[in-house]
Amino acid sequence: MVDVVIIGAGVIGAMTARQLCRNRLSVCVVERANDGAAGASRANSGIVHAGFDAKPGTLKARLNVAGSEKMEQIAGELGVPYKRNGSLVLGYDEKDKTILENLYRQGQENGVRRLELLDQEKLREIEPGVSRQAVCALHAPTGAIICPYELTIAALGNAMDHGAQFLRGFEVTGIRETEEAVVLEAADGRQVEARFVVNAAGTFADKIAQMLGDDSFSIHPRRGEYLLLDKECGGLVRHTLFRTPTEKGKGILVSPTVDGNLLLGPTAQEQEDRESVETTAAGLAQIISQSGSEAEGIPVRQVITSFAGLRAAGNTGDFIIRTWGKRTVHAAGIESPGLSASPAIAEYVAELLQGLGLELNSREDFNPRRKPAHWFRELSLEEKDAYIQEHPDYGKMVCRCESVSEGEILEAMRREPKALDVDSIKRRTRSGMGRCQGGFCSPRIVELLAREQGISLEQVTKSGKGSYLNIGKTKGGEQA
Amino acid sequence: MKREQIDLAIIGGGPAGLAAAVAAYDSGVRDLLVLERDSHSGGILQQCIHNGFGLHRFQKELTGPEYAWEYEKMAAERKIPIRCGSMVLNVSPDKVLTVVSPEGVTQIEAKAVIFAMGCRERSRGALNIPGSRPAGIFSAGTAQKYVNCMGYLPGKEVVILGSGDIGLIMARRMTLEGAKVKAVCELMPYSGGLARNIQQCLRDFDIPLKLSHTVTAIHGKDRLTGVTVSQVDEQRRPIPGTEEEISCDTLLLSVGLIPENELSKGAGIRLDPVTGGAVVDEKRQTSCPGVFACGNVLHVHDLVDFVSEEAALAGKSAAEYIGGETAEESPLELKPDGRIRYTVPQRIVGRQEDVKVYFRVDNIYKKVEIQVTCGDRVVLSRKKAVVTPGEMESLTLKKEQLADCQGEQIEFALKV
């Protein structure tokens with residue numbers, strides 16, 4: 001029996017696991033996919049919002065501002081790319097200007113520091129790449145960008161360094177409660193018994209709640225599509241550019257990413273399906289047309305990929321973070337600004353668990369730091385040279401576009417949480433994320449995955465279950 | 001960190017790099033080095049196990065590896081060092097190369113550099129095909145690597161988007177391996193591949209070629225289960241109502257090749273937006289003195305034979321540059337009219353030799369006249385029965401004709 005089982009290895013599950021591992025507790029994270037950050041935590045805007053969007057008094061407002069203030073330190077501890085680039089909400093007319101003034105006041109009430117309203121001249125001065133159509137803006141210097149899947153994987157890894165278990169391919173199909181514990185049952189027959197449960201199951205959080213007998217909330221997945229542009233375009237704007245929000249939401253943003261690409265999106269489309277992340281011709285067209293009025297001259301021909309993510313929006317308008325019964329804490333309905341709020345959500349969940357009777361005795365030996373995933377890339381040429389002399393695998397380049405070596409790929413396969421498929425390697429090392437999108441490097445990565453796990457090539461997958469890449473050997477392949 | 005000095009560094013050990021090295025050696029360069037990032041030389045030819053290579057260059061029909069072997073032998077006879085497993089990370093404008101290999105990081109200062117890095121395939125992302133992102137979508141060249149070099153078959157029911165040569169070759173290859181190729185879809189009303197490949201790889205195997213069709217949606221969660229194919233109008237927009245679902249577990253993309261010029265950009269070399277390669281003169285010298293480019297990194301060729309020919313020219317030119325020869329006279333800019341999309345070279349700086357100019361057209365035209373003019377004067381005019389975008393054209397400007405060219409530019413026009 002473990003003290004706490006967390007359902008879902010997205011950013012909320014992973015950050016909560018790390019938070020709980022600060023204490024003398026046994027923690028287990030179960031995840032239906034083959035890796036952490038497999039859902040919304042992989043496909044979102046990667047923005048650490050300053051915190052002016054949410055209505056004062058809501059959990060969203062409180063946890064966003066608190067989380068955002070902690071994020072820089074956590075990113076530093078976990079070695080995750082983070083950049084405080086500031087954000088700008090653009091206004092196009094007098095009506096927008098009024099809305100921006102209201103946002104400014106709301107931000108101040110939420111406790112966001114250093115907000116300022118800009119006229120067109122000042123706006124152009126601090127952001128030369130902004131569209132000429134924009135006449136005013138709200139500037140939030142505390143807005144930042146982060147790599148959301150690296151944060152998730154690093155937080156999970158940091159928890160695992162302190163003894164947390166990570167069970168993949170664990171799709172919860174039933175939950176039983178006994179006098180002393182809750183028992184999770186997986187589709188494949190595995191069971192986990194725990195004193196307490198954290199429901200961080202994303203788009204499935206309401207289904208999990210129903211298994212526990214709680215039907216007080218529902219999740220309504222809202223798909224967001226994105227376009228990612230080549231690194232040549234990352235310098236087009238410095239800030240994250242939003243439009244003045246409408247009832248429909250924050251709209252399409254234009255932002256540099258921490259890796260130097262340019263990100264456009266997301267759209268907002270309600271859907272029934274809790275998993276499907278298809279992009280659509282209409283969605284991609286909408287992104288292109290809207291982003292054009294935020295930044296000047298976006299080179300849409302330089303798109304290297306498109307993708308979509310599902311926001312796990314709840315039916316209350318706010319995050320649904322509360323206890324249920326004697327043994328459960330829900331962390332549900334975590335849509336934007338969930339990533340920004342995640343450090344504070346993790347602390348809040350721990351507090352709620354404490355309220356249910358979980359003892360939090362802090363560990364003196366907790367090490368909040370984790371070796372950065374990209375430590376090798378950060379070295380100077382001299383340092384790289386010296387390291388390669390001792391470790392020649394780091395001089396064997398596998399991914400040309402992002403300059404990723406075999407040594408770095410092997411490290412991603414060996415370090416917890418281990419990368420077991422091609423997409424997991426991509427999220428940890430960036431190999432295959434460049435302009436050729438894995439055309440050259442993926443066969444070599446497939447070979448390395450097969451060798452490392454002692455499996456055959458046709459057993460290697462793109463992203464776990466069923467996503468195999470080869471169906472078998474060729475006619476002469478027996479000898480190959 | 002090791003530092004080295006060298007007369008000539010050649011980046012890329014594929015057909016272009018090897019031919020450039022051999023030619024540079026034969027023109028007197030002895031202090032030279034080929035840098036290859038793969039574990040073996042030969043470049044993409046290593047996975048091109050079909051025949052059809054070398055008809056022009058060697059007057060015989062070779063497979064890709066055999067063609068590469070011809071040049072590997074020539075390089076070995078001349079004891080030209082080929083450093084495999086070495087990737088060039090950066091080339092500075094003053095020709096210092098930063099190279100990483102299992103031996104460490106090395107900086108090589110070169111008197112001259114030849115870029116022969118080849119090209120890469122355009123990916124799905126660049127096409128923006130909507131839908132899900134399952135396994136089973138490969139660029140044709142990646143599938144070719146799995147099948148021909150690793151002995152694995154990516155799938156059994158295949159749709160191919162794009163009728164570039166690699167896609168056509170893979171249609172045949174997958175069929176021979178027992179897969180069913182259900183269709184090859186081509187956005188344009190004509191194929192971008194060689195006529196001989198359409199015949200030998202599609203028609204001979206009854207594989208349908210759907211011209212003016214594209215893939216408009218991708219289906220499947222874990223592994224591809226099918227694609228939606230639509231007909232397109234003259235503006236290449238999908239026509240509503242023409243959608244057809246084709247079930248398949250594999251989608252191969254053969255939708256264009258992009259010269260791999262990241263190093264050129266880093267070195268500040270001027271690029272041609274049409275070719276995606278460097279702007280070069282007839283010696284294949286780029287805007288950076290002493291830096292030359294040849295092969296598919298310069299512009300995408302149809303046949304490796306022409307890559308070798310161009311590389312030999314670059315190798316010889318690099319040798320002349322190292323020897324101190326510069327023949328800059330008043331430069332002539334070559335201006336294509338649009339129907340002729342581009343020319344290589346884009347400029348001519350000497351008048352002492354004949355210059356062979358390569359070019360591609362933007363559409364299929366019949367009964368045309370290619371006209372080269374300088375000011376009001378027609379320098380050269382040639383009639384052709386048919387020209388197509390899939391086949392590179394060339395013509396030679398005689399040195400006497402060039403000597404007569406006054407002014408700063410000559411125009412290349414296609415009269416229909």
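Each chain gets a letter, A, B and so on, in the order its sequence line appears, and its residues count up from 1. These numbers come from a predicted model, not from an experiment.
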Selection from [options] maximising heavy-atom pairs under 4.5 Å formed with chain A:
{"options": "Thr216(B), Ile137(B), Leu253(B), Val147(B)", "answer": "Val147(B)"}
{"options": "Leu153(B), Ile258(B), Asp249(B)", "answer": "Leu153(B)"}
{"options": "Ser139(B), Pro102(B), Ala135(B)", "answer": "Pro102(B)"}

Below 4.5 Å from any heavy atom of chain B, which atoms of Val422(A) appear? Answer side chain, backbone, both or neither. neither

Taking side chain as everything from C-beta outward and backbone as N, CA, C, O, which of these in Phe307(A) sits under 4.5 Å from a heavy atom of chain B? Side chain, backbone, both or neither.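 Backbone plus side chain of Phe307(A), per the 4.5 Å heavy-atom cut-off to chain B.
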
For [X] and [Y], which heavy atoms make the closest approach, and how far apart are they?
{"X": "Glu177(B)", "Y": "Lys475(A)", "answer": "OE1-N, 2.7 Å"}
{"X": "Arg223(B)", "Y": "Tyr468(A)", "answer": "NH1-O, 2.8 Å"}
{"X": "Tyr146(B)", "Y": "Pro443(A)", "answer": "OH-CA, 3.6 Å"}
{"X": "Val100(B)", "Y": "Ile388(A)", "answer": "CG2-CD1, 3.5 Å"}
{"X": "Arg133(B)", "Y": "Ser306(A)", "answer": "NE-O, 3.4 Å"}
{"X": "Leu469(A)", "Y": "Phe138(B)", "answer": "O-CZ, 3.2 Å"}

Met397(A) vs Arg37(B), side-chain contact (heavy atoms from CB on, under 4.5 Å): CA-CA, chis, key distance, verdict: CA-CA 7 Å; Met397(A) 283 296 158; Arg37(B) 58 187 153 200; 5.9 Å; no

Max heavy-atom pair count under 4.5 Å with chain B, selected residue of [options]:
{"options": "Ile304(A), Asp230(A), Asp393(A), Leu284(A)", "value": "Ile304(A)"}
{"options": "Lys465(A), Glu225(A), Lys384(A)", "value": "Lys465(A)"}
{"options": "Glu232(A), Glu406(A), Arg444(A)", "value": "Glu232(A)"}
{"options": "Gly472(A), Gly407(A), Gly439(A), Ser463(A)", "value": "Gly472(A)"}

Should Glu103(B) and Gln389(A) be marked as a side-chain contact (heavy atoms from CB on, under 4.5 Å) after you check the CA-CA gap, both sets of side-chain angles, and the distance that decides it? CA-CA 6 Å; Glu103(B) 280 76 52; Gln389(A) 304 288 335; 5.8 Å; no

Does the side-chain contact (heavy atoms from CB on, under 4.5 Å) test come out yes or no for Glu260(B) and Phe440(A), once each step is laid out? CA-CA 12 Å; Glu260(B) 193 136 79; Phe440(A) 285 115; 4.3 Å; yes

Between Arg400(A) and Glu262(B), does at least one N-O distance fall below 4.0 Å, as a salt bridge requires? no

Contact origin within [X] toward chain A - heavy atom pairs under 4.5 Å:
{"X": "Leu176(B)", "answer": "backbone"}
{"X": "Pro154(B)", "answer": "both"}
{"X": "Ile129(B)", "answer": "backbone"}
{"X": "Cys84(B)", "answer": "neither"}
{"X": "Ile218(B)", "answer": "backbone"}
{"X": "Lys145(B)", "answer": "side chain"}

Got more than 12 heavy atoms from elsewhere within 6.0 Å of NZ, Lys180(B)?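 12 or below, so no.
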
Mind checking whether [X] and [Y] have side chains closer than 4.5 Å, heavy atoms only?
{"X": "Thr98(B)", "Y": "Leu381(A)", "result": "yes"}
{"X": "Met150(B)", "Y": "Leu457(A)", "result": "yes"}
{"X": "Ser403(A)", "Y": "Met87(B)", "result": "yes"}

Quick one: does Asp222(B)'s side chain have a donor or acceptor within less than 3.5 Å of a partner on Ser467(A)'s backbone? no

So which bits of residues 268-281 of chain A come within less than 4.5 Å of chain B, counting non-hydrogen atoms only? Glu275(A), Val277(A), Glu278(A), Thr279(A), Thr280(A), Ala281(A)

